[in-house]
Amino acid sequence: MTGYLWIVVLWILVEMPLPDKDAKDGVMGAINSIGEFFTPTVYIAVLSFLAYVIGMLLMVDIKPGSTVRLGSRLRLPYVSMTDRAIVEGHVEAALHRARLRAADGFKIQREFRLEPMLKTEQAYDDFRLDHHEDKRAMNESWRQYALRQLKEPMVEENIKSIPSLAIKLQDKNALLFGSYDRDKSESEFRLSIAPPLAVLSVQFIMLGADRTLVLWPWAGYVGLIAVVALVVKGFQKRFSSVNVVVTALEIGTIESQMTTRLDAVPADVYDDKTTQTT
């Protein structure tokens with residue numbers, strides 16, 4: 001459908017030539033010269049394949065985690081504010097589990113390649129003195145620092161990994177995945193046909209400017225209103241598809257890779273007599 005709409009745009013752009021069976025020159029002449037070898041069905045098949053290729057190249061696909069710019073100031077996020085809040089809550093729950101089991105702060109830093117808390121030996125010596133060389137207190141500070149550093153990257157990574165989480169959802173719950181895939185497909189369809197319809201509407205308005213027929217400009221105005229509706233509905237469906245995956249993440253149907261990695265970080269083990277790390 002996207003490809004055919006762009007073909008119509010191109011057809012109007014080149015002043016709407018109609019097939020001429022008597023033409024001997026040009027593109028139409030070349031087509032007529034080989035026309036005896038092909039049936040109308042073949043022509044339709046070739047046109048459909050061309051439309052498919054054009055549509056495939058011009059399909060709208062908003063990448064996960066990306067923002068869509070409409071002008072210099074207006075930006076549309078990939079996820080709604082509600083879904084971002086759900087993802088943040090999911091991440092905070094994972095960080096809370098790490099605090100409760102006293103996950104090793106240094107190993108969290110190393111596992112996720114975070115910025116080091118202590119960059120010099122002098123800083124480490126001062127850190128030890130400030131905590132009176134209490135291993136528990138030192139690791140608690142290290143853990144809190146690492147988890148604060150990790151929160152925002154985890155949120156962003158969860159948002160960017162929504163397509164891969166959807167694949168996990170396909171394995172865990174086919175019904176939920178079907179809802180995600182249906183909303184995503186409807187969103188891409190509406191956002192893909194909106195640009196050629198917008199161009200067609202402008203072409204109709206321009207064609208009606210120098211003609212007595214009132215139908216042309218009014219068809220263009222109606223088309224522009226339809227384009228706005230398609231874009232709004234397209235983004236609504238986009239948010240709806242993302243919400244399915246985010247909800248599955250929230251209720252525990254699927255789990256993100258970063259959360260699994262954090263849960264696998266071992267806890268610090270202490271000797272109660274010496275309070276030293278074993």
Side-chain angles (χ1 to χ4, degrees), residues 1-23 25-32 34-35 38-64 66-80 163 179-242:
M1 180 63 70
T2 303
Y4 268 120
L5 285 173
W6 281 116
I7 287 176
V8 173
V9 168
L10 180 61
W11 179 62
I12 294 178
L13 191 64
V14 296
E15 300 182 352
M16 301 178 288
L18 296 175
D20 183 3
K21 294 183 179 181
D22 299 325
D25 302 321
V27 176
M28 191 55 61
I31 294 176
N32 289 334
I34 60 174
F38 298 103
T39 63
T41 304
V42 174
Y43 284 121
I44 293 175
V46 171
L47 185 64
S48 297
F49 178 74
L50 179 62
Y52 169 77
V53 172
I54 294 174
M56 182 177 61
L57 294 174
L58 298 180
M59 277 288 291
V60 172
D61 183 22
I62 303 173
K63 299 299 181 183
S66 64
T67 56
V68 179
R69 292 183 178 272
L70 299 177
S72 58
R73 296 184 179 181
L74 181 59
R75 294 186 302 173
L76 299 177
Y78 178 71
V79 298
S80 65
S179 179
Y180 160 81
D181 192 53
R182 182 171 57 254
D183 287 344
K184 179 175 179 292
S185 298
E186 290 181 13
S187 170
E188 290 179 346
F189 173 72
R190 293 173 183 180
L191 294 176
S192 294
I193 66 174
L197 281 178
V199 178
L200 277 173
S201 299
V202 173
Q203 288 178 325
F204 283 177
I205 294 173
M206 294 177 65
L207 286 171
D210 56 354
R211 286 174 169 81
T212 57
L213 292 177
V214 182
L215 177 63
W216 287 94
W218 277 107
Y221 297 139
V222 172
L224 289 177
I225 295 173
V227 167
V228 174
L230 281 170
V231 171
V232 172
K233 292 291 185 180
F235 278 105
Q236 286 178 344
K237 281 294 182 179
R238 191 72 176 183
F239 287 142
S240 178
S241 67
V242 171

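Quick caveat, the model's predicted, so the values are computed rather than measured.
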Checklist entry - Considering only heavy atoms from C-beta outward, does the side chain of Thr2 approach that of Trp6 to under 4.5 Å? => result yes
Checklist entry - Can you find a heavy atom in the side chain of Phe49 that is under 4.5 Å from one in the side chain of Val53? => result yes
Checklist entry - Taking the side chain from Ser241 and the backbone from Arg238, do they hold a donor-acceptor pair closer than 3.5 Å? => result yes
Checklist entry - Where do Pro163 and Tyr180 come nearest, in terms of heavy atoms and distance? => result CA-OH, 4.1 Å
Checklist entry - If you take all heavy atoms of Phe239 and Val79, which pair is closest and at what distance? => result CE2-C, 3.7 Å
Checklist outcome for this item: In terms of heavy-atom contacts, Val231 and Ala194 come closest through CG2-CB, 3.9 Å
Item to check | Closest contact, heavy atoms only, Ile193 versus Met1 | outcome: CG2-CG, 4.0 Å
Checklist entry - Relative to each other, are the rings of Tyr221 and Trp218 parallel, tilted or perpendicular (30° and 60° limits)? => result perpendicular
Item to check | Intermediate values then yes/no, side-chain contact (heavy atoms from CB on, under 4.5 Å), Leu5 and Val9 | outcome: CA-CA 6 Å; Leu5 285 173; Val9 168; 5.7 Å; no
Checklist entry - Taking atom CG of Leu200 and atom CG of Leu224, what is their separation to the nearest 0.5 Å? => result 10.5 Å
Checklist entry - Between the main-chain N or O of Leu197 and the side-chain N or O of Ser201, is there a donor-acceptor pair closer than 3.5 Å? => result yes
Checklist outcome for this item: Tightest non-hydrogen contact, residues Ala51 and Tyr4, listed as CB-N, 3.7 Å
Next on the checklist: Counting only heavy atoms from other residues, nucleotides and ligands, does the tally under 6.0 Å from CE of Met59 exceed 12?
Outcome noted: yes
Checklist entry - Looking at OG of Ser240 and CZ of Arg182, how far apart are the two atoms once the value is rounded to the nearest 0.5 Å? => result 9.0 Å
Next on the checklist: The criterion is side-chain hydrogen bond (donor to acceptor under 3.5 Å, both in side chains); which residues satisfy it with Glu186, sequence neighbours excluded?
Outcome noted: Lys237
Item to check | Selection residues 194-208 - residue pairs positive for salt bridge (charged side-chain N to carboxylate O under 4.0 Å, His left out), sequence neighbours left out | outcome: none
Item to check | Pairs touching residues 196-209 that satisfy salt bridge (charged side-chain N to carboxylate O under 4.0 Å, His left out), sequence neighbours left out | outcome: none
Checklist entry - If only atom types and distance count, is the side chain of Ser187 paired as donor or acceptor with the main-chain N or O of Asp183 below 3.5 Å? => result no
